[in-house]
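Remarks on the structure that follows.
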Amino acid sequence: MKEQIASLFEAVLDQWMAKGQLTEQARRPVHVEATRDPAHGDFATNVALLHAKAMGVTPRQLGEQLITELAPHPLIVGIEIAGPGFINLRLRADALFEPITTCIAEGSRYGRGATTGRKVQVEYVSANPTGPLHVGHGRGAAYGATLSNLLSARGHAVETEYYVNDAGRQMSILGASVYIRYLEALGHSLQFPLGGYQGSYIQDLAAELIHTHSDALARPIDDLTRTLVSDGEDTKDAHIDGWIQSIKSTLGADWHIPFDLALTRILDDIRDDLTEFSVTFSHWFSEASLVNTGAIDAAIAQLDAGGHLYRNEGALWFRSTAYGDDKDRVVQRDNGEYTYFASDIAYIANKFSRGYDELIYVWGADHHGYITRVKAAASALGYDPDRLTIRLVQFAILYRGGERVQMSTRSGSFVTLRELREEVGVDACRYFYVMRKADQHLDFDLDLATSQSKDNPVYYIQYAHARICRVFEGLQDQPPFDLQRGLANLALLEGQEVLDIAQRLGQFKETIERAADSLEPHLLCYYLQDLAGDFHRWYNGTRLLVDDISQRDARLTLAQAVRQVLANGLTLLGVSAPEAM
RNA sequence: GCGCCUGUAGCUCAACCGGAUAGAGCAACGGCCUUCUAAGCCGUAGGUUGCAGGUUCGAUUCCUGCCAGGCGUGCCA
């Protein structure tokens with residue numbers, strides 16, 4: 001409907017341009033919006049305000065001219081100029097019910113856009129597989145998944161990806177941690193390194209290693225520790241690196257046994273964890289594959305050929321300052337090892353080579369400093385950095401009993417995503433994570449999320465859905481519901497509440513578009529809360545199952561449309577739409 | 001120091017790429033259940049949108065400066 005109205009105005013602007021009254025430069029797109037105040041009619045546009053100055057008349061004068069030249073439309077029954085120059089339009093009552101009809105016709109597809117042909121990749125979570133996901137990863141997971149759903153509903157071809165950091169130093173530390181725990185469990189006396197992974201899951205993995213390999217992997221402790229520097233707050237990095245080196249050289253090919261065990265088990269755990277959270281990926285991309293296929297060498301060679309690299313103090317540097325970075329970045333250390341950033345560069349090249357129109361990265365807010373260098377790398381590789389979008393997700397702060405829950409990875413006292421899910425449930429968890437703008441801190445109130453009370457916004461929406469389901473259950477003793485009869489009698493619907501609902505239903509699609517285009521899923525949360533509120537208000541004052549069959553079915557048709565949109569919206573959020581509560 | 005983000009009701013947050021009287025929820029107060037779930041609804045109260053300028057018909061929104069808070073600023077990953 002909006003599009004129809006807008007095109008009427010566009011046609012007038014076209015005429016003006018043809019007659020030379022309006023220049024290309026001064027022309028603005030026509031924006032039609034649903035009014036907030038019923039006194040302003042049903043729809044309004046500010047075209048007159050936008051073009052008045054360029055055309056040398058007052059907005060109200062231009063409005064008058066627009067109205068007289070506007071082609072008549074059978075559904076527009078009122079048109080007037082108001083305020084500083086808004087044009088308010090009033091539609092025939094049955095036209096306002098159009099969203100109901102469309103919603104019923106399209107069902108679960110209602111709200112989805114036509115295929116855009118745009119290919120988008122969303123990479124998110126991508127947590128190091130060195131331990132279970134914690135609550136910080138949870139927000140990125142919920143945000144990325146919901147965003148992907150929205151982009152898909154928007155009509156884009158969406159692929160999702162988890163980048164597995166299975167090649168870096170952190171993974172070596174993980175493998176070493178498991179191996180040291182393994183030695184410990186076999187009775188060797190040693191001090192577990194400060195720089196190792198402390199969590200109890202490491203001991204579990206060591207126990208599994210004993211189960212499968214007995215003591216076959218054990219080596220004399222003195223051989224392993226001979227060259228180690230002492231462990232301490234200042235030397236823990238050197239200490240654990242020493243361990244890694246001695247374990248690798250002593251174990252030789254057997255090193256991959258504890259390493260692969262740890263990687264496989266933890267990655268499986270992460271995958272299960274996310275699946276239970278309704279978060280799945282099209283691809284799991286291995287960083288190690290970039291190493292093995294020579295992709296890193298190739299990418300670095302490409303940068304070198306382009307003159308973007310130089311040597312300094314033995315290291316190889318990328319001149320990212322040429323693209324606005326604060327300082328140049330090392331891609332290869334003086335010891336010959338590539339940095340993590342080198343993998344990132346190869347990964348960027350790999351992604352672009354797969355033909356996506358847009359690459360979206362979802363990162364934790366602590367990665368803020370990496371945006372510039374990654375975009376710089378994309379530019380230096382010859383790609384358009386604007387096709388690469390990076391969204392930062394701020395951390396969630398948990399509150400329990402009004403107190404902030406302290407979390408520390410080091411002490412192992414962090415809250416895992418799994419624990420959070422089990423405490424508050426997937427539905428509340430998914431909803432709470434995305435209900436706020438991603439780049440803002442999120443106060444996650446555990447008490448509120450777990451409370452089965454009216455204060456809990458996710459229940460408010462689900463309750464509206466369940467209520468509608470209950471009404472339909474009440475039909476059992478009555479003549480069956482006839483959808484066609486309902487659609488034919490929509491004109492019997494009365495009251496401002498009904499108009500509000502119909503208007504809201506009509507905004508579902510544009511809400512999805514807006515949320516997808518701005519990468520802000522929280523808009524959908526607010527929309528669903530508003531729609532649920534519209535419904536509760538109507539329901540409270542209107543009995544649906546009345547004796548008059550025509551009236552009854554008209555009301556049930558409206559209820560059905562609301563239920564459909566609530567279900568469609570909740571599905572996009574990864575939240576269930578319960579039939580009973 | 002530099003860079004980015006954020007300042008809106010007592011609290012947590014909205015405000016449709018500049019629009020009409022800045023909106024919800026919670027907290028406070030007062031009402032509504034013999035009728036489809038009261039996990040609901042209605043009403044009252046609550047604001048100089050951090051401060052000061054600028055741009056314009058119009059600014060919470062855009063620009064500048066200041067104030068306050070957060071994050072980032074490793075040959076770490």
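Just the heavy atoms: all of them, side chains too, but no hydrogens, waters or symmetry mates, feed the values below.
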What is the base-pairing partner of [N], counting Watson-Crick and G-U wobble geometry with both distances under 3.5 Å?
N     : result
B:U64 : B:A52
B:A38 : none
B:A20 : none
B:U44 : B:A28

Ignoring backbone atoms, establish whether A:Lys437 has a side-chain N or O less than 4.0 Å from OP1 or OP2 of B:A15.
->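 It does, given that an N or O in the side chain of A:Lys437 lies less than 4.0 Å from OP1 or OP2 of B:A15.
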
Kindly say if A:Arg514 contacts the phosphate of B:C17, meaning a side-chain N or O under 4.0 Å from OP1 or OP2.
->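 So the side chain of A:Arg514 is outside the cut-off, no N or O lying under 4.0 Å from OP1 or OP2 of B:C17.
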
Upstream residue (5' side of RNA chain B) when A:Asn312 and A:Asn540 are each assigned their closest nucleotide |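 Comparing both residues, the 5'-ward one is A:Asn540.
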
Residue met sooner reading RNA chain B from 5', once A:Asn88 and A:Arg373 are mapped to nucleotides =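 Nearest-nucleotide comparison on RNA chain B picks A:Asn88.
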
Atom-pair distance (CG on A:Leu62; C1' on B:C57), nearest Å =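 For the pair A:Leu62 CG and B:C57 C1', the rounded distance is 13 Å.
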
How long is the line joining CZ of A:Arg28 and P of B:G19, in whole Å?
->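 Taking atom P of B:G19 as the reference, CZ of A:Arg28 is at 14 Å.
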
Does the ring of A:Tyr539 meet both stacking tests against the six-membered base ring of B:G40: centre distance under 5.5 Å and plane angle under 30°?
->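 According to the criterion (under 5.5 Å, under 30°), no, A:Tyr539 does not stack.
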
Residue list, side-chain hydrogen bond (donor to acceptor under 3.5 Å, both in side chains) with A:Glu123, at least two apart or on another chain |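 With sequence neighbours excluded, A:Glu123 shows a side-chain hydrogen bond (donor to acceptor under 3.5 Å, both in side chains) to A:Ser126, A:Lys351, given in chain and number order.
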
For A:Glu161, check side-chain hydrogen bond (donor to acceptor under 3.5 Å, both in side chains) against everything at least two apart and list the hits.
->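 A:Glu161 satisfies side-chain hydrogen bond (donor to acceptor under 3.5 Å, both in side chains) with A:Gln121, A:Tyr347, A:Arg354 only.
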
Touch class at under 4.0 angstrom, heavy-atom based, for A:His536 against every strand present |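 Since only primed, P, OP1 and OP2 atoms lie under 4.0 Å of A:His536, the category is sugar-phosphate.
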
B:G19 base / A:Asn46 side chain donor-acceptor hit below 3.5 Å |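 Checked by distance alone, the answer is yes.
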
